[in-house]
**Student:** 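Sharing a structure, written as structure tokens. Questions coming.
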Number of protein chains: 2
Amino acid sequence: MRDRKGGFGNDPERDKQACPVEYTLDVIGGKWKGVLIYHLMGGTKRFNEFRKICPGITQRMLTLQLRELEKDGVVHREVYHQVPPKVEYSLTEFGRTLIPIINLMKDWGKEYRDKQLEVQKYSED
Amino acid sequence: MRDRKGGFGNDPERDKQACPVEYTLDVIGGKWKGVLIYHLMGGTKRFNEFRKICPGITQRMLTLQLRELEKDGVVHREVYHQVPPKVEYSLTEFGRTLIPIINLMKDWGKEYRDKQLEVQKYSED
DNA sequence: CGGCATCCCTTAAGATACTG
DNA sequence: CAGTATCTTAAGGGATGCCG
């Protein structure tokens, strides 16, 4: 067992919860959560719309990531009980509080993607 | 991890690179990267300092995460060739451009950690 | 259409031991 | 002190098939 100085109990999540940054990353830092939230900022989306927007994601992962966002209260899932089925995903009010962060990340990503590539040149093997 | 060897031809990571949000998450979204950057905002840190601050992280993971941050140009690694060895980690200028994002994530985490717990109560039906 | 269940492989991550 | 190396386990994730 791991030596846990301070005896905080044995919840491995505690370390993350203790740091607000990690808590936030826990909500938006999943493999696809960032993009999903980002695209939801542009309006309601259906399941297959996401699949078109993110060709790399599988149904399974899309479901899992959306479920986690739903569980975290970030995304609302509206089911229309009809044939063929229709499910719409949207940001909750709570989810919208993330918009400033996502926007900042978007801006940073756009601005520094190139510069970061330059940096990498100097640290190549 | 990100493949730097070739171009973006059939790189499955391409989808992520295509979205600036995901690019940013790729840099700061690693399991421990957020906390590491966050703590580096408070000043230079040594290897074992991190281990004290983040009791849950293993040497191995700490090394790997720091190396990735270094590779991405976010963190500078200063090695003092002496006995006993001394290595200091600090944010690069590039790394400092992330500070606004980390701060925003910290604020959001602090503010909404509690509210999110409430949200979960309502989504248990 | 929008899933979920299953199988299976790959990658991430932990434990431990050892080193410059 | 600040790591590597190695092994093992846990989690992530793809492919496929079925179902409401």
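Proteins get letters first, then strands, A, B, ... in listed order; numbering begins at 1 in each.
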**Student:** Atom CD of A:E78 and atom P of C:dG2: how far apart are they, to the nearest Å?
**Tutor:**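 Result: 14 Å.
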**Student:** Where the side chain of B:T63 is concerned, which of C:dG2, D:dA2, D:dG3 is the nearest nucleotide?
**Tutor:**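 So the nucleotide nearest the side chain must be D:dG3.
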**Student:** Starting at the 5' end of DNA chain D, which residue's closest nucleotide do you reach first, B:R46 or B:R60?
**Tutor:**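 It is B:R46, whose closest nucleotide lies nearer the 5' terminus.
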**Student:** Round to a whole Å and report the spacing from CE of B:M61 to C1' of C:dA13.
**Tutor:**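 Distance check: B:M61 CE to C:dA13 C1' gives 6 Å.
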**Student:** Write down the distance between CD1 (A:I57) and P (D:dG12), rounded to a whole number of angstrom.
**Tutor:**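 From A:I57 CD1 to D:dG12 P: 14 Å.
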**Student:** Are the side chains of B:V35 and B:F50 in touch, meaning some heavy atoms are under 4.5 Å apart?
**Tutor:**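 No, side chains not in contact.
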**Student:** Could you tell me whether A:K110 atom NZ has more than 12 heavy atoms of other residues or ligands within 6.0 Å of it?
**Tutor:**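 Atom NZ in A:K110 is not packed in, count stays at 12 or less.
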**Student:** I need the CZ-C1' distance between A:R77 and C:dC4, as an integer number of Å.
**Tutor:**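 After rounding, the gap between these two atoms is 11 Å.
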**Student:** State, yes or no, whether a side-chain contact exists between B:I28 and A:M105 at a heavy-atom distance under 4.5 Å.
**Tutor:**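 Contact flag for B:I28/A:M105 side chains = yes.
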**Student:** Assuming nearest nucleotide by heavy-atom distance, tell me which of A:R67 and B:Q65 is located more 5' along DNA chain C.
**Tutor:**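 The residue closer to the strand's 5' end, by nearest nucleotide, is A:R67.
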**Student:** Expressed as a whole number of angstroms, how long is the span from A:L64:CG to C:dC4:P?
**Tutor:**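 Computing the A:L64:CG to C:dC4:P distance gives 8 Å.
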**Student:** Below the 4.0 Å mark, does D:dC1 have OP1 or OP2 next to a side-chain nitrogen or oxygen of B:Y89?
**Tutor:**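 No, because none of the side-chain N or O atoms of B:Y89 sits under 4.0 Å from OP1 or OP2 of D:dC1.
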**Student:** Which part of the nucleic acid, if any, lies within reach of B:R51 when heavy atoms closer than 4.0 Å are counted: base, sugar-phosphate only, or nothing?
**Tutor:**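 Since no nucleic acid heavy atom lies under 4.0 Å of B:R51, the category is nothing.
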**Student:** Side chain of B:F47: nearest nucleotide among D:dA2, C:dA15, C:dG2?
**Tutor:**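 Minimum distance to the B:F47 side chain belongs to D:dA2.
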**Student:** Calculate the interatomic distance between B:Q59 atom CD and D:dT4 atom P; express it in whole Å.
**Tutor:**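 After rounding, the gap between these two atoms is 11 Å.
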**Student:** Could you point out which residue of B:L91, B:L62, B:V75 forms a side-chain contact (heavy atoms from CB on, under 4.5 Å) with B:L36?
**Tutor:**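 It is B:L62; the other options fail the test.
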**Student:** Does a side-chain N or O from A:T58 land closer than 4.0 Å to OP1 or OP2 of D:dG14, or not?
**Tutor:**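 Yes, A:T58 has a side-chain N/O under 4.0 Å of OP1/OP2 on D:dG14.
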**Student:** Between the side chain of A:T44 and the main-chain N/O of A:S90, is any donor-acceptor distance below 3.5 Å?
**Tutor:**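 It does not hold such a pair.
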**Student:** Send over the distance from A:E88 CD to C:dC1 P, rounded to a whole Å.
**Tutor:**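 Result: 15 Å.
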**Student:** Quick one: label B:P85 by what it contacts on the DNA or RNA (base, sugar-phosphate, nothing), any heavy atom closer than 4.0 Å.
**Tutor:**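 If one applies the 4.0 Å heavy-atom cut-off, B:P85 turns out to touch a base.
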**Student:** Could you state the atom-to-atom distance from NZ of B:K31 to C1' of C:dG14 in whole Å?
**Tutor:**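 These atoms are roughly 10 Å apart.
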**Student:** Could you tell me whether B:Y80 contacts a base, only the sugar-phosphate backbone, or nothing, with contacts defined as non-hydrogen atoms closer than 4.0 Å?
**Tutor:**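 No contact at all - B:Y80 keeps every heavy atom at 4.0 Å or more from the nucleic acid.
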